[in-house]
Structure formats: C-alpha cells, structure tokens
Amino acid sequence: MFCMCNFDKMSLILIETELNFSFSCSRLKYAQPSTQTGRTDINAVTNWNAPLVWEGTFDPVVIDAIYKKMDPRVAVVVFAVGKYTRFLKAFIETGEKFFLVGFNVTYYIHTDRENEVPKVTLGKGRKITTVPVPSANRWQDVVLGRMKWATLTIEKTIRNEADYLFMMDIDSVFYSRFGAESLSRLSAVLHRGYYKNTPREKFPYERRPESKAYIPAEEGDYYYTAAVWGGYLGDMYKYCYEMSEEDTKNKIEAVWQEESHLNKYLLYNKPTKVLSPEYLWSDYDKVPADIKVVRISQLVKNYAEVRPNGGH
Ligand code: UDP
C-alpha cells in the first residue's frame, strides 16, 4: 500500500472503518442523522457493504470535517495531449470552485504542449505541476499511454507528494460540489450508461478470452467508467498498465482500452466506495430524476476535430 508520509494512518483506519467522528466533529452544526428516513429511490450500499454515494446519503459538513482532520494531499492526474489543452482552463477553473474546496490539491497535467497550460488563480494549498509527455498519432495511444505515464509519475513524484489520487478526463467541467465523500482507498464511479437495469451480460466488458481484460458473461457487479476514479495510489493503474502491455504483446487491444482493464481489476478487487453517476455525467445526456446533482460532466466535443485520428 501507498506510503502515507506525514499522514496519520490511524485516523484513516478509524475514518474508514468506524466513521468515528466524535473527536473530529464536535461543535459542528448539522442535522441529526436518522436510522429510519433517507432516500428510498436508490440503493446506498453494495453487496460487499461499501457505501454507494449519492446526494442525500451524506452530510457535506460532517464528511468534510472528518477528512479535514487528516488534511490529506490530493493529486489530480489529467492528460491534455494535442488539441485537448483547450479543455484545461475550464476544468481547472471549475475545479477550483467545486473540487475538494479547502483541501490541498495538486493538478498533475501531462501534456505535450507545456506552453498551452493556462495560468489560473488557485486557492490556498493548491498548485499545478506540468509533466511533459510525447505527442500521439492515435487517440487510443493517448488513452492507453495514460496508464504508463501516470504509473511513472506516481512512482517518481506523486507517491511522495500526495495521500489520495484522482484520475480524470480533461474534457469535463465541474458543476457542483465534489467533496470528501468521494475519498477512500479505492473509489470507482458507475458509468452513467449502465447503472440502471443493465444485466451484467450486457455490460461492455472485454469478452474475448485472449485479452487480459476478459470477463465472462456470468460475472460482474457494475460497469465503471475510467474517466473518473480515485484512491490511495494503490496498484490498480500499474496492474492495468501491465495487463495492457501483455495484450499488446499478444496483438490484442481491449475493447474499451484502459476502461476494460479497470473493470476487470475492480471485479476482483472491490472498491471501498462506489460513486454514483453524479460523479461523472455527460452533457450529451438528459439528467434523470435519480441524479439530483451533476457534480462533473463530460463536455460535448467535436471528436473529428480534437482527436488526432478523428472518429469515435
Ligand atoms: N486525451 C488527450 N488527447 C487525445 C485524446 C485523449 O489528451 O488526443 C486524453 C484526455 O485527457 C481525454 C482522455 O484522454 O479526456 C480520454 O479521451 P476522450 O475524451 O477522447 O475519450 P472519450 O471519453 O470521449 O471516449
């Protein structure tokens, strides 16, 4: 597991196992929690007893105070290769308004166009680190390459500079609070397209046994997006990178690149928090009644124009 450096491991254990906030939330004003009432239109717990996080299942004041006590350092790892640098400004500006406000956040921007990283006024305890990466001719290579480059940055830098990490697609903007309720050892987000009434055999998992991302039809919990996930910098990305390298050796590319490997990992290494699609919606889609808040959303983009090799 990740070295927590100046981080109080014991506090973390308390937080994640017992939610013992008597020591951290005294004198806070918040509504009394109930054992009887709450949202009834969604399931707020997985069958491995992890929280399934939706608006209305946590009190932001309480949850922020619990994590603030530890004052974790959070790394946001993003890629802006080629024309995707155009998305940086809105992502960071809205991140400053809504993403873990009041916490220590560093944006690790991996780019081949360092001169296009915008100057944005950041809050206290927040900064930008630029990491140079090579350009790519295929968007698939950027997406797959993320695993390699992010793994290198984690090992070289982030491991010493952060306690939690979030990987995020850059073509997104924050619309609303994305707070400490999202933090855990391994937090994964339900893909908005498959979170309701999709039988597991219809999930777009990799179905070819020749790929390391293969999942048989009778297995699966949820279908997770690779566009937002977080955790302690554990082994997930390294695993995905190694599996995709194996696939390359065997001349196969998983159907949804890193997302396929990530889904395989998460099936056998259950996340400690599952975040609802509030934690990644899309401007392409109507917002249904059970999504009370869109916290971050993928922008509508002209694929043919922004991707080096166009297309979907
Ligand atoms: N990306 C990039 N340059 C590219 C293609 C992709 O920087 O030419 C990065 C960028 O961070 C983007 C992510 O890879 O958010 C995922 O790619 P994309 O958004 O095209 O995938 P989609 O979610 O639309 O399938």
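Bear in mind that the values here come from a model prediction, so they are computed numbers and not experimental data.
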*For the student: nearest non-hydrogen atoms of M147 and C240, plus distance*: SD-CB, 3.2 Å
*Is there a donor-acceptor pair under 3.5 Å between the side chain of D112 and the backbone N or O of V81?*
no
*Is any side-chain heavy atom of Q140 closer than 4.5 Å to a side-chain heavy atom of N309?*
yes
*Measure the shortest side-chain to side-chain distance between T94 and Y175 over non-hydrogen atoms and say whether it is less than 4.5 angstrom.*
no
*Return yes when atom NZ of K301 has more than 12 non-hydrogen atoms of other residues, nucleotides or ligands closer than 6.0 Å, and no otherwise.*
yes
*Shortest non-hydrogen contact between I215 and R207, atoms and distance*: O-NH1, 2.8 Å
*Between F98 and F178, does the ring centroid distance fall short of 6.0 Å?*
no
*Is there a path from V101 to Y30 through hydrophobic residues (I, L, V, M, F, W, Y) whose side chains come within less than 4.5 Å of each other?*
no
_Path from V189 to W256 over hydrophobic side-chain contacts below 4.5 Å_ = no
*Report yes or no: does S211 contribute a side-chain atom to a donor-acceptor pair with the main-chain N or O of R208 at less than 3.5 Å?*
no
*Evaluate the ring planes of F99 and F174, with Trp represented by its six-membered ring, and classify them as parallel (under 30°), tilted (30 to 60°) or perpendicular (over 60°).*
tilted
*What distance do L262 atom CG and M243 atom CE have between them, rounded to the nearest 0.5 Å?*
13.5 Å
*Report yes if some heavy atom in the side chain of I92 is under 4.5 Å from a heavy atom in the side chain of I128; otherwise report no.*
yes
*Does a donor on one side chain and an acceptor on the other come within less than 3.5 Å for T85 and E116?*
yes
_Using side chain to side chain contact (heavy atoms under 4.5 Å, CB included), reason through D221 and T46 one step at a time and then give a plain yes or no._
CA-CA 9 Å; D221 302 313; T46 69; over 6 Å; no
_Trace of the side chain to side chain contact (heavy atoms under 4.5 Å, CB included) decision for D141 with V143_ = CA-CA 5 Å; D141 293 338; V143 173; over 6 Å; no
*Might you confirm whether atom CG of D41 has over 12 heavy atoms from other residues, nucleotides or ligands at distances under 6.0 Å?*
yes
*What about V293 and F166, same hydrophobic cluster or not, with Ile/Leu/Val/Met/Phe/Trp/Tyr joined at side-chain heavy-atom distances under 4.5 Å?*
no
*Give a yes or no on whether the ring-centroid distance for W229 and Y237 is below 6.0 angstrom.*
yes
*asked:* Testing D285, D283, D290 one by one against R192 for a salt bridge (Lys or Arg N to Asp or Glu O under 4.0 Å), which residue passes?
replied: D285
_Shortest non-hydrogen separation from T121 to E96 and the atoms involved_ = O-CG, 4.0 Å
*Counting distance only, does the side-chain N/O of W54 pair as donor-acceptor with the main-chain N or O of P277 below 3.5 Å?*
no
*In terms of heavy-atom contacts, does NZ of K97 have more than 12 from other residues, nucleotides or ligands at under 6.0 Å?*
no
*Check each of K68, R73, K69 against D71 using the salt bridge (Lys or Arg N to Asp or Glu O under 4.0 Å) test, and report the only one that passes.*
K68
*Pick from L280, V228, V77: which one makes a side-chain contact (heavy atoms from CB on, under 4.5 Å) with M168?*
V228
*Applying the 4.5 Å side-chain criterion to the ILVMFWY set and letting contacts propagate, would I154 and Y241 be lumped into a single cluster?*
yes
*Are Y195 and Y222 near enough that their ring centres are under 6.0 Å apart?*
no
*asked:* Test side chain to side chain contact (heavy atoms under 4.5 Å, CB included) on D169 and Q298; report intermediate values, then the result.
replied: CA-CA 8 Å; D169 272 13; Q298 286 182 314; 3.3 Å; yes
*Kindly compute the distance separating CG (L52) from CG (N47), expressed to the nearest 0.5 Å.*
10.0 Å
*Would you confirm whether R177, through its side chain, and R295, through its main-chain N or O, come within 3.5 Å as a donor-acceptor pair?*
no
*Report whether W281 and L299 are members of the same hydrophobic cluster (ILVMFWY, side-chain heavy atoms less than 4.5 Å apart, transitive linking).*
yes
_Side-chain heavy atoms of F203 within contact of H191, under 4.5 Å_ = no
*For V78, does its backbone N or O pair with a side-chain atom of H110 as donor and acceptor, under 3.5 Å?*
yes
*Go through the steps for E305 and K83 under the test salt bridge (charged side-chain N to carboxylate O under 4.0 Å, His left out), then give the verdict.*
CA-CA 9 Å; E305 211 263 317; K83 292 181 179 169; 3.4 Å; yes
*Would you check if the side chain of T57 reaches a backbone N or O of V53 as a donor-acceptor pair within less than 3.5 Å?*
no
_Residue pair Y108, E161: steps toward the side-chain hydrogen bond (donor to acceptor under 3.5 Å, both in side chains) verdict_ = CA-CA 11 Å; Y108 292 87; E161 296 181 352; 2.5 Å; yes
_Test your reading of the model: is there a side-chain donor-acceptor pair from E206 to the backbone of V255, 3.5 Å cut-off?_
yes
*Starting at CD of Q257, measure out to CG of D247 and round the result to the nearest 0.5 Å.*
11.0 Å
*Is the shortest heavy-atom distance from the side chain of T129 to the side chain of T153 under 4.5 Å?*
no
*asked:* Could you check whether any side-chain N or O of S187 sits under 3.5 Å from a backbone N or O of S182, counting only pairs where one atom can act as donor and the other as acceptor?
replied: yes
_Other residues, nucleotides, ligands: >12 heavy atoms within 6.0 Å of N137 CG_ = no
_Nearest heavy-atom neighbours spanning P134 and W149_ = CD-CZ2, 3.2 Å
*Hey, are the side chains of T106 and I158 touching, using non-hydrogen atoms and a 4.5 Å cut-off?*
no
_Less than 4.5 Å apart, side chain to side chain, heavy atoms only: is that true for E114 and I109?_
no
*asked:* I'd like to check E155 versus K238 (side-chain heavy atoms, cut-off strictly below 4.5 Å). Are they in contact?
replied: yes
*To the nearest 0.5 angstrom, please state how far the CG atom of N104 sits from the NZ atom of K124.*
8.0 Å
*Measure the OG1-CH2 distance between T272 and W48 for me, rounded to the nearest 0.5 Å.*
10.0 Å
*asked:* So, taking the atom named CD in E219 and the one named NZ in K264, what distance separates them when rounded to the nearest 0.5 Å?
replied: 8.5 Å
*Looking at the rings of Y205 and Y214, which for Trp means the six-membered one, are their centres under 6.0 Å apart?*
no
_For Y164 versus S184, what's the shortest heavy-atom pair and its separation?_
CE2-O, 3.5 Å
*asked:* Tell me the closest heavy-atom pair linking A227 and E259, and the distance in Å.
replied: N-OE2, 4.5 Å
*Hey, mind stepping through F103 and D64 against side chain to side chain contact (heavy atoms under 4.5 Å, CB included) and telling me if it holds?*
CA-CA 9 Å; F103 287 81; D64 276 359; 4.1 Å; yes
*Donor-acceptor contact below 3.5 Å, side chain R113 vs main chain S135*: no
*Between Y107 and F91, what is the ring plane arrangement, given parallel below 30°, perpendicular above 60°, and tilted in between?*
perpendicular
*Side-chain donor/acceptor of N250 to backbone N/O of I252, under 3.5 Å*: no
